[in-house]
There are 2 protein chains.
Amino acid sequence: MARRVVRKPTKIVVDLDDRKATILKAVVVEHIDTAQPVGSSAVAASADLDVSSATVRSEMVALEREGFLAQPHTSAGRIPTDKGYRYFVDHLQSGVLGSVQQKQVKDFFASVRGEVEEVLEQTSTLLSQMTSYTSVVVGAGHAHATILSVQLVSLDARHHLLVTVFSDGSVIKHSLTPNFEATPKEVMEASRQLNALLISTSLESRVQVPSRHDNEAALVREAVSILHAQQPVMEGEQVFIGGSSKVAEVFDGVETVRQVLAILEQELLVVSLVQDILDQGLSVAIGSEHGFAPLSTCALIVAPVTIDGAPAGAVGLLGPTRMKYREAMAAAEVVSAHLSRHFAGVDDRG
Amino acid sequence: MARRVVRKPTKIVVDLDDRKATILKAVVVEHIDTAQPVGSSAVAASADLDVSSATVRSEMVALEREGFLAQPHTSAGRIPTDKGYRYFVDHLQSGVLGSVQQKQVKDFFASVRGEVEEVLEQTSTLLSQMTSYTSVVVGAGHAHATILSVQLVSLDARHHLLVTVFSDGSVIKHSLTPNFEATPKEVMEASRQLNALLISTSLESRVQVPSRHDNEAALVREAVSILHAQQPVMEGEQVFIGGSSKVAEVFDGVETVRQVLAILEQELLVVSLVQDILDQGLSVAIGSEHGFAPLSTCALIVAPVTIDGAPAGAVGLLGPTRMKYREAMAAAEVVSAHLSRHFAGVDDRG
DNA sequence: ATTAGCACTCAGTAGAATTGAGTGCTAACA
DNA sequence: TGTTAGCACTCAATTCTACTGAGTGCTAAT
């Protein structure tokens, strides 16, 4: 899966006068809450606006003309368009998590233990439970990590395992099945040579492989080529998706649910989507903004995870365009911050 | 997650006279096909039965009294009960896969490469695509496998990785974060001792740990305890679920979809469910047969995977009780057989 | 510029009537 | 005795109609 084209952020500076903005926000808030079209009188009733519904109506006509609102049919209220949501999100004062959730996150990170993968997986479950949306946690690949150790272990004369340990704490294995039989001694020797050759290199750097014709050299060559072969696939990017059942909760229409689930199944696609949004410098992609048609009824919130300033992955939340942006964004940010700190903390704890 | 209680197979020998059996089967087949209640005249029209609809009706009354059929309401046709499906499945002559699918499986296993995990994952996708049902592939844990190699790798003075290679080709890692600083030399020495201590043992066997008070001994003790600690969690059982989006295709009602998805999220639950069914010696659990209420509208087909006769996991298919049993069972069996052969083949290929 | 007032639109709802697939029962029949 | 044609009955689903009411757009008055 190739990384998708990076589009420049198409930040259109929109500005609405105060009253229009208030009305738009009221419509968005109400519609997020009720999932129904919002009428002018409901907006007029919205306290901080001292005008009649008629005035609201004429403003709404303008907002519709400008593309912020839409009408499902003539005699219905208005619903926000993607552009409407965008305005809303851009003008959202960043929310604060409820104290219960604050505590939930705190407790989680105070007690979570285990390998990185487990932490990420559980984080994904946490995020999903906190928000009632489907969560995505992406762990960065280890292309840049250096190799700490390479070991060749024999299963039998023709089947060996290449176990590589990286400086970021990840371990990957590869099967090595040469078309000749190797003695334990040859395997050990190859293992030794691989260590000498690869330690402190990264998967990106090329190394000089021995050109001799003996078995050790053959093993070494095969091992090195396997290791280097995996890079372009951006292997090692780990994805953890939590709460896919939430999809059935927050989207309506079985067909929509099916489509979204089908996309979540293609994990590489999800990763590139998240990356794409991050690359654009956005924290939310609404509706068609990510240019991916099947998800045009979705919004995707992302927050980067960094370790000591370096990008190390991301957390995301997937919901309908009428999702609770403030709460969800706050949750994503808090969790990604905790996650960043957690991993930084692992390295200099004690 | 504790393994669930093993219930004895409650095989009730049911026998129906020929005509009742034919009628029952006709109802099942038709209902699986149409998802609608089946009426007496539809059954009567079913070629291999030369009776009028009135006769069919009176037989249906009997079948309903005996619990094989049910009526959604007075003036509707009949639908099969779980018991009805059970009879149908028990009297199903084992189906053969269509030649297209035959080829699909063959091609897949001829070309599939890579690590066990990848093969299992892809198999799960294959099964799901072949059948349009959600698939479950369970890889057995490595509690019984013996240790081929143990290696302790330092990230820094206080953070080490314990990398263990098992005879079944699996590799697991554990973080080791002792509360003292260890020199590279001590780590290497501990690694050496661990090897001497653990090679050829399994996770089940206890070993004598050194009781000295130096750093190596402490590292060794911690490593051994971590390794042995993981067993009761039946860690290492891998689950791969493929085609969860199919849930939204084959079940009707968003709520049902949500429930099923929520269950699929709890992978350990799924594993124990599959194991439970296998332990009962069944190949299909229909409706409430598995005793798990939230899945009472589902049927779960399972087929064991064995390597050289020893159980090594299972494949499963989850669908509604009105699923296409013959095709799905055939697919599960063929795939599990291929999978068994594939892994056996890996060990003595060439 | 704002708003009260009003005619108009149209999805949604409720009720009534109708349809029709399907049943159970019974009486006649082989 | 088992089978079947016939018939009255049931009831979900469909169709139709009328109505409701939330909401709009427009206009004339403030």
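Here the structure is a predicted model, which means the values were calculated and not measured. A, B, ... follow the sequence lines: proteins, then strands. Residue 1 opens every chain. When reading the values below, keep in mind they use all heavy atoms of this one structure, side chains included, and skip hydrogens, waters and symmetry mates.
No more than 12 heavy atoms of other residues, nucleotides or ligands shown are found within 6.0 angstrom of CG on D50(B). Heavy-atom neighbours of D17(A) CG from other residues, nucleotides or ligands within 6.0 Å: above the threshold of 12.
Boundaries of the chain B contact region on DNA chain D are dT3(D) to dA12(D), first to last in 5' to 3' order (nucleotide atom under 4.0 Å from a heavy atom).
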Check against side chain to side chain contact (heavy atoms under 4.5 Å, CB included), M323(A) and Y325(A)
CA-CA 6 Å; M323(A) 70 191 290; Y325(A) 291 99; 3.9 Å; yes

Run the side-chain hydrogen bond (donor to acceptor under 3.5 Å, both in side chains) test on S296(B) and S288(B) for me, step by step, so that the C-alpha distance in whole Å, both residues' side-chain angles and the decisive distance to 0.1 Å come before the verdict.
CA-CA 5 Å; S296(B) 60; S288(B) 51; over 6 Å; no

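Contact annotation: T74(A) does not reach the phosphate of dT9(C) (side-chain N/O to OP1 or OP2, under 4.0 Å).
Heavy atoms of S58(A) sit nowhere under 4.0 angstrom from any nucleic acid atom.
Using cut-offs of 30° and 60° for the angle between ring planes, the F68(B) and Y87(B) rings count as perpendicular.
Between R57(A) atom CZ and dA1(C) atom P there is a gap of 18 Å when expressed in whole angstrom units.
For S128(A) (side chain) and S124(A) (main-chain N/O), no donor-acceptor pair under 3.5 Å exists by modelled atom type.
Residue S75(A) places a side-chain atom within donor-acceptor reach of the base of dT9(C), judged by atom type and a 3.5 Å distance cut-off alone.
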